[in-house]
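Take a look at the structure set out below.
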Protein chains: 2
Amino acid sequence: MQIDPSSSADLSVQIAQAIKDAIISGELIVDERLPSEAELSDHFQVSRPTVREALKRLAAQSLIRTQRGASGGAFVNRLSFEDAYAQQVTTSTLLLSMNAVSFDTACEARYALERACAPLSAVRRSADHLATMRAEIFRQGQPGLTDVAFCASDVAFHRALVDGAGNPVLSYQLAGAVEAMQPLMNMITFTARDRAVITGLHTRIADSIEAGDGGAAVTGLQDLEDETRNLARNVFAARAKR
Amino acid sequence: MQIDPSSSADLSVQIAQAIKDAIISGELIVDERLPSEAELSDHFQVSRPTVREALKRLAAQSLIRTQRGASGGAFVNRLSFEDAYAQQVTTSTLLLSMNAVSFDTACEARYALERACAPLSAVRRSADHLATMRAEIFRQGQPGLTDVAFCASDVAFHRALVDGAGNPVLSYQLAGAVEAMQPLMNMITFTARDRAVITGLHTRIADSIEAGDGGAAVTGLQDLEDETRNLARNVFAARAKR
DNA sequence: AGGCTTTAAATGTCAGACTTTTAAATGTCA
DNA sequence: TGACATTTAAAAGTCTGACATTTAAAGCCT
């Protein structure tokens, strides 16, 4: 672990990078304890606050965790799927909101990715995944449900569909695409008729998954995408006229 | 922007969260300048180093950027697709390496997602994307290419395929899946025959994309996935026997 | 042996000073 | 008047040294 004294970059950036490289290269392994802040400041010939800033940068990325007290310190963190999932959702949400990504673009991406999961989910889904899908469909039919709650249930339904594929990497990758859409979806107001159509498509998809028919699930998702985009188009058109 | 004095969490974590919330909620908008470190430390009633640690946490997530000098300070950063892309690749790479994700799992996820892009790419790809794919195929046929270079070219080929879909959200989401596979792919040694088979499949896929035949591209990708997984299985089996 | 107390190591926080960078204000000269 | 050089001040970056808090382990007592 070395830094380049001739570099013009901030010291805390350089130190963070050096430690990060050490982790990626395997020089530091999971759960290994890093040298104490005092030792690091000595090693890199910088002050402790500078080292601390570097460590905070890494902590923000869940690359390390810190523990206080005797035999405490900074430890290389095993990046869990949950951590990665959370980061993915935050990043995707900000990306969509800050770059004025159109509803169509986000929607297209989301459904394209979901269709990739459907065939796997049709073969592998557990009874539990299917039960979750059915339960969310039931909830979506309840009267008095707010639009926000309807969207949340929609996300839960699709989450179960994706998780049914039994591939944690896929689930993680899809997290952003599905959850980041929620703020966009929340801009839509659903009439009772809209909800009935969507719930009907959800039922069709769930039936296909239950029957192990991936192809049918894919076409169901395609129809759902068309329906969703139509809905959004109408809502936005009506809003623009007003 | 307020913090809870009764909370037991580290102050720098609380402050970072408060600012992050302000950004997500839109209270702070893109390119807006945050108060100076001195003002923030005054506002939150903490010392400047503590404020700085909070800011470094946010900078590590590309939520803010800092500028030195007069009229400098911390500014809300527009999270670009490039930033998000880079974060995505790092996270995915670490996730795969730290959690001992099997080659099969990662490979399945990657190709499932790529197949989702193929139909869109067949319709929308520009001449430029197609040219890149052809160029990478040519490179892959060059004798004397190292395995690492071959893998890098493979990634570039698939990157062009994905980008051809013309959906930046999709490209961003796929970045992790495709690039994070590279370290795993690098563990494989490719015989001349292996390379010929892969390059042949690449050609088939490029032809399908050029012809606008998404279905053929999907089956091409399916065959490529099968081929890749076979290859990996053999390599790992041979290695285990040794 | 078991539980309590002490201790020391480590992170968390603070205060204040100094350095470096940078843009804007100011001044100077043609 | 305008272009260029100089000064100035604001802000982040860095350093030093100190104190507070947490926590595990060592030591002690019963």
Side-chain angles (χ1 to χ4, degrees), chain A residues 1-20 22-23 28 31-77, chain B residues 1-20 22-23 28 31-77:
Chain A
M1 277 197 307
Q2 291 288 322
I3 60 174
D4 175 13
S6 70
S7 166
S8 67
D10 291 351
L11 290 173
S12 70
V13 172
Q14 291 185 59
I15 292 169
Q17 190 60 51
I19 297 176
K20 188 174 181 172
I23 293 174
L28 291 169
D31 290 335
E32 182 171 345
R33 184 179 171 286
L34 272 68
S36 72
E37 295 175 356
E39 288 167 330
L40 284 171
S41 66
D42 199 57
H43 173 76
F44 289 114
Q45 290 288 298
V46 299
S47 67
R48 194 157 82 92
T50 303
V51 167
R52 282 181 60 79
E53 286 180 11
L55 294 179
K56 296 314 151 198
R57 294 185 122 100
L58 299 176
Q61 298 176 271
S62 304
L63 265 81
I64 62 170
R65 60 178 185 280
T66 55
Q67 261 180 345
R68 297 180 68 171
S71 74
F75 297 82
V76 178
N77 203 23
Chain B
M1 277 196 308
Q2 290 289 322
I3 60 174
D4 175 12
S6 69
S7 167
S8 67
D10 290 353
L11 290 172
S12 71
V13 172
Q14 290 185 60
I15 292 169
Q17 189 61 50
I19 297 175
K20 187 174 182 174
I23 294 174
L28 291 169
D31 290 335
E32 183 171 345
R33 184 178 169 286
L34 272 67
S36 72
E37 295 176 354
E39 288 166 329
L40 285 172
S41 66
D42 200 56
H43 173 75
F44 289 115
Q45 289 289 299
V46 298
S47 68
R48 193 156 83 92
T50 303
V51 166
R52 282 181 59 80
E53 287 181 11
L55 294 178
K56 296 314 150 200
R57 296 186 119 101
L58 299 175
Q61 299 176 272
S62 302
L63 264 79
I64 62 169
R65 61 178 185 278
T66 55
Q67 257 180 345
R68 296 177 69 167
S71 74
F75 298 82
V76 178
N77 201 23

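When reading the values below, keep in mind they use all heavy atoms of this one structure, side chains included, and skip hydrogens, waters and symmetry mates. No experiment lies behind these values; they were computed from the predicted model shown. Below, chain A is the first sequence line, B the second, and so on; all start at residue 1.
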The side chain of [X] lies closest to which of these nucleotides: [options]?
| X | options | answer |
| --- | --- | --- |
| S36(A) | dC15(D), dA10(C), dC14(C) | dA10(C) |
| S47(B) | dG12(C), dC15(D), dT13(C) | dT13(C) |
| T50(B) | dC14(C), dT14(D), dA8(C) | dC14(C) |
| E37(B) | dG13(D), dA23(C), dT14(D) | dG13(D) |

Let me know the distance between [atom1] of [X] and [atom2] of [N], rounded to the nearest Å.
| X | N | atom1 | atom2 | value |
| --- | --- | --- | --- | --- |
| R65(A) | dA10(C) | CZ | P | 17 Å |
| L40(A) | dC15(D) | CG | P | 14 Å |
| F44(B) | dC14(C) | CZ | C1' | 17 Å |
| L34(A) | dA9(C) | CG | C1' | 17 Å |
| K56(B) | dG13(D) | NZ | C1' | 8 Å |
| D10(A) | dT14(D) | CG | C1' | 10 Å |
| R52(B) | dA11(D) | CZ | P | 14 Å |
| L58(B) | dA12(D) | CG | C1' | 16 Å |

Task: Partner nucleotide, any strand, of dA30(C) [Watson-Crick/G-U, under 3.5 Å] - done: dT1(D)
Task: Partner nucleotide of dC19(D) by Watson-Crick or wobble geometry (both distances under 3.5 Å) - done: dG12(C)
Open item on the list: Using heavy-atom distances to pick each residue's nearest nucleotide on DNA chain C, tell me which of P49(A) and Q67(A) is more 5'.
Closed with: Q67(A)
Has the side chain of [X] got a donor or acceptor atom that lies under 3.5 Å from a matching backbone atom of [Y]?
| X | Y | answer |
| --- | --- | --- |
| R65(B) | A59(B) | no |
| N77(A) | S62(A) | yes |
| Q14(B) | A9(B) | yes |
| R33(A) | G72(A) | yes |
| H43(A) | P35(A) | no |

- [ ] Tell whether R48(A) reaches the base of dT14(D) with its side chain through a donor-acceptor pair below 3.5 angstrom.
- [x] no
Open item on the list: Distance criterion of 3.5 Å, no angle test: do you see the side chain of R68(B) paired donor-to-acceptor with the base of dT22(C)?
Closed with: no
Open item on the list: Judged by each residue's nearest nucleotide on DNA chain D, which is more toward the 5′ side, A70(A) or L11(A)?
Closed with: L11(A)
- [ ] Using a 4.0 Å heavy-atom cut-off across all strands, classify R33(B) as base, sugar-phosphate, or nothing.
- [x] sugar-phosphate
- [ ] Would you indicate, yes or no, if dG13(D) has its OP1 or OP2 atom less than 4.0 angstrom from a side-chain nitrogen or oxygen of T66(B)?
- [x] yes
